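For reference, the structure is listed below as structure tokens.
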2 protein chains.
Amino acid sequence: MEITPQKLASSIDHTILRADTDYACVDRFISEADRYRFASVCVNPWHVARAVAKLKGTGVDVSTVIGFPLGANTSEVKVYEAVNAFESGAARIGMVINSGAVKSNDFDTVFEDIKMVRSGIPDAILEVIIETALLSENEIIISSKICMEAGVDLICSSTGFSTLETKLSDVALIRRIVGLKKGVKASGNFRNLDSALKLFEAGADRLGCSGVVIVDEISGVR
Amino acid sequence: MEITPQKLASSIDHTILRADTDYACVDRFISEADRYRFASVCVNPWHVARAVAKLKGTGVDVSTVIGFPLGANTSEVKVYEAVNAFESGAARIGMVINSGAVKSNDFDTVFEDIKMVRSGIPDAILEVIIETALLSENEIIISSKICMEAGVDLICSSTGFSTLETKLSDVALIRRIVGLKKGVKASGNFRNLDSALKLFEAGADRLGCSGVVIVDEISGVR
């Protein structure tokens with residue numbers, strides 16, 4: 001697989017979601033997203049309007065997260081938050097699946113939760129974050145199928161806030177289920193080129209992470 | 001300090017907020033809250049309606065959390081989620097402070113965020129969760145003062161989802177600021193009587209935790 005720095009950057013949502021992210025920190029991520037030509041900067045909802053204003057005209061999208069990171073909100077709240085973010089200019093919306101409903105085998109609730117958000121923001125790119133670290137193989141398979149049925153655009157492997165890193169085998173499993181019909185995003189706290197390339201090989205076509213170090217590494221800057 | 005099992009139980013919000021909490025698990029916490037006469041069961045928003053239905057007539061309240069655990073949502077979404085939970089029957093609402101705004105010294109935003117939720121649910125007991133593990137001593141002092149000004153009922157020390165446990169010195173600091181005017185709740189993953197008693201001594205008058213082991217210990221059951 002041949003990969004250039006720009007191709008790599010255009011596959012990364014440059015992500016900063018820590019609770020204590022202040023204006024200085026989010027501004028750094030926003031300007032890095034522009035400078036490195038990342039696909040988007042991914043910020044918490046209260047930073048969306050700021051990021052949209054600063055990235056206007058650059059072609060770099062703003063992503064955000066909904067019901068994050070537990071996914072344990074009511075569906076009404078997830079819809080409201082998604083619409084609120086989309087109306088503020090977020091082009092890409094990552095909602096967290098209801099893991100408790102998955103664990104309860106209440107798949108109707110899992111589906112309806114996603115479907116309601118999908119219907120609320122038909123024009124956004126909708127990603128569903130399934131918390132693979134909490135799920136069995138079978139639960140990952142069912143969750144991926146539900147996401148496809150509900151019309152999401154891509155499936156993401158992790159919030160980065162759970163107990164474990166994204167496993168390559170989980171990324172490969174999601175890819176096996178969705179085939180080429182949907183995007184697969186790997187996210188978490190990986191911070192080097194080697195991890196990134198392995199995730200692409202496993203089946204990811206997009207990464208959610210802090211991307212500067214990774215792109216600098218492929219560019220030979222570090 | 002003399003403390004009976006019932007007095008202890010009535011100071012505890014019996015809490016289960018893990019993302020993967022299924023119906024079986026939440027039902028166990030709900031029935032324990034009734035059996036042990038905890039002040040409330042504290043569950044994620046999507047479990048509120050279930051807990052309210054099951055605890056009807058028992059005198060045990062249902063608590064929930066808003067913008068949890070990052071507090072990085074827009075204020076509009078926090079208000080909507082709080083109203084949604086209150087209308088579903090949650091009597092006690094714990095919202096997470098905007099830690100990023102605290103870190104940015106943007107105290108107007110911190111205040112307005114809390115004030116908007118307070119105005120949205122005037123009849124609920126409103127607790128603000130400040131993530132002490134992320135804050136300096138000065139930031140804890142300012143946050144506590146803002147909470148008082150915004151008319152909250154109590155201040156809680158931690159989401160239990162951050163990097164560190166609640167420190168006794170942080171609980172004491174919050175108590176020093178709010179005096180006897182507001183409640184102080186200590187929360188986190190402490191699970192024994194000794195920790196609970198130390199938190200009370202430091203200034204807490206309420207605990208948010210999984211309470212069964214603690215009450216069993218004072219009752220001599222374990």
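Here the structure is a predicted model, which is why all the values come from computation and not from measurement.
The residue among A:Gly100, A:Ala49, A:Ser162 with the most heavy atom pairs within less than 4.5 Å of chain B is A:Gly100. With chain A as the partner, the residue from B:Ala19, B:Ala85, B:Pro69 showing the most heavy-atom pairs under 4.5 Å is B:Ala19.
Within the 4.5 angstrom heavy-atom criterion, no atom of A:Thr159 approaches chain B. At a 4.5 Å heavy-atom cutoff, the contact between A:Leu17 and chain B is made by backbone atoms alone. With a threshold of 4.5 angstrom between heavy atoms, A:Asn105 does not approach chain B through any atom at all. When heavy atoms are compared at a cutoff of 4.5 Å, B:Thr109 approaches chain A solely by way of its side chain, counted from C-beta outward. In this structure, chain B has a heavy atom under 4.5 Å from the side chain of A:Asn98, while its backbone stays farther away. Only the side chain of A:Phe161 comes within less than 4.5 Å of a heavy atom in chain B; its backbone stays farther off. Looking at A:Ala101, both its backbone and its side chain come within 4.5 Å of chain B, counting heavy atoms on both sides.
Between the OG1 atom in B:Thr21 and the NZ atom in A:Lys103 there is a gap of 11.0 Å [rounded to 0.5 Å].
Using modelled atom types, one finds no donor on one side chain facing an acceptor on the other under 3.5 Å when comparing B:Asp20 with A:Ser99.
Counting only heavy atoms from C-beta outward, the side chains of B:Asn73 and A:Trp46 never approach each other to under 4.5 Å. The side-chain heavy atoms of B:Tyr80 and A:Glu76, taken from C-beta on, include a pair separated by under 4.5 Å. Between A:Pro45 and B:Val77, the closest side-chain pair of non-hydrogen atoms is not below 4.5 Å.
Remark: the backbone N or O of A:Asp22 is not paired with any side-chain donor or acceptor of B:Ser104 at under 3.5 angstrom.
Between A:Thr74 and the choices B:Asn84, B:Thr64, B:Val48, the side chain to side chain contact (heavy atoms under 4.5 Å, CB included) rule is met once, by B:Asn84.
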